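Reading through the structure tokens given below for one structure.
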Amino acid sequence: MRIRRVGLVPFEEDIDPRELVGAFPFITIADVSQPEAVQIEVVGSAIKRRYGQDTRKANWFDFVPPESRSAAEIARRLLVDAPCGVYYKIKVWRDPATVVEAETLALPLRTRGAEIPDMSIALTRDLSTTELAEPASPAPPKLESVLTELVDIGAGLPGGFPTASP
């Protein structure tokens, strides 16, 4: 499979890290090369602090509630196949009193020589001031709700994708 207008998806070397210095605390980079996983590889310091744990090497799908999993899988597939950006608005909870709201823009990224996106780079903005403190129990935080929308990066949005998920 070849990406339409392949130049729209940058290679990792196309990104100048100096231009991202102010955003580093809010960036995550994930491996999206496997259909059943979105393995988180890089987690910015503000993200780690906000969510109360280091999620490197975690599968992002493990945080998605079962009722939202299919929409999350579709969004991952479109990030790779279309390609397009994916906007998420999320609510994360650890217990009834601790809720964090944030919005994330994930964009496709290719490692050297890849014909299709195999990574994503995401920037997260907090919409709340609550932090998920270190847990008393080993249970990871869970997503309470996810709003998912596609972002056209110039390749055109595929038809038939729901504009929002529960």
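A quick note: this is a predicted structure, and the numbers were derived from the prediction, not measured. Basis for what follows: all heavy atoms, side chains included, without hydrogens, waters or symmetry-related copies.
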Minimal heavy-atom distance between D126 and A102, with the atoms involved, is OD1-CB, 4.0 Å
Using side-chain contact (heavy atoms from CB on, under 4.5 Å) as the criterion, list what pairs up with E36, not counting sequence neighbours. Q34
Any residue meeting salt bridge (charged side-chain N to carboxylate O under 4.0 Å, His left out) with R125, in chain and number order, not counting sequence neighbours: E103
Output the distance between atom CZ (R110) and atom CD (E115), rounded to the nearest 0.5 Å. 9.0 Å
Within the side chain of D14, is there an N or O that forms a donor-acceptor pair under 3.5 Å with the backbone of F11? yes
Could you measure the distance from the CG atom of L127 to the CD1 atom of I90? Nearest 0.5 Å is fine. 9.0 Å
Would you be so kind as to tabulate the donor-acceptor pairs closer than 3.5 Å made by side chains of residues 15-24, with sequence neighbours excluded?
| unit_1 | atom_1 | unit_2 | atom_2 | d |
| --- | --- | --- | --- | --- |
| D16 | OD1 | R18 | N | 3.0 |
| D16 | OD1 | R18 | NE | 3.0 |
| D16 | OD2 | R18 | NE | 3.3 |
| D16 | OD2 | R18 | NH2 | 2.9 |

A side-chain contact here means heavy atoms from C-beta on lying under 4.5 Å apart; do I153 and L107 qualify? yes
Solution key, residues 37-47 side-chain donor-acceptor pairs under 3.5 Å, sequence neighbours excluded:
| unit_1 | atom_1 | unit_2 | atom_2 | d |
| --- | --- | --- | --- | --- |
| Q39 | NE2 | E41 | OE2 | 3.0 |
| E41 | OE1 | K57 | NZ | 2.7 |

Under 3.5 Å, which donor-acceptor pairs link side chains of residues 116-123 to any protein atom two or more places apart or in another chain?
| unit_1 | atom_1 | unit_2 | atom_2 | d |
| --- | --- | --- | --- | --- |
| D118 | OD1 | T111 | N | 3.0 |
| D118 | OD1 | T111 | OG1 | 3.3 |
| D118 | OD2 | T111 | OG1 | 2.5 |

Using the side chain to side chain donor-acceptor pair (under 3.5 Å) criterion, which residues pair with R56? Sequence neighbours excluded. D54
Below 4.0 angstrom, N of the basic side chain to O of the carboxylate: do R69 and E73 qualify? yes
Taking atom CH2 of W60 and atom OG1 of T28, what is their separation to the nearest 0.5 Å? 10.0 Å
Check whether R77 reaches the backbone of P35 with its side chain - one donor and one acceptor, N or O, closer than 3.5 Å. no
Heavy-atom closest contact (P10 atom, P108 atom, distance): CD-O, 3.9 Å
Can you name the side chain to side chain donor-acceptor pair (under 3.5 Å) partners of T104, sequence neighbours left out? T124
Check step by step if side chain to side chain contact (heavy atoms under 4.5 Å, CB included) holds for V86 and V151. CA-CA 6 Å; V86 181; V151 178; over 6 Å; no
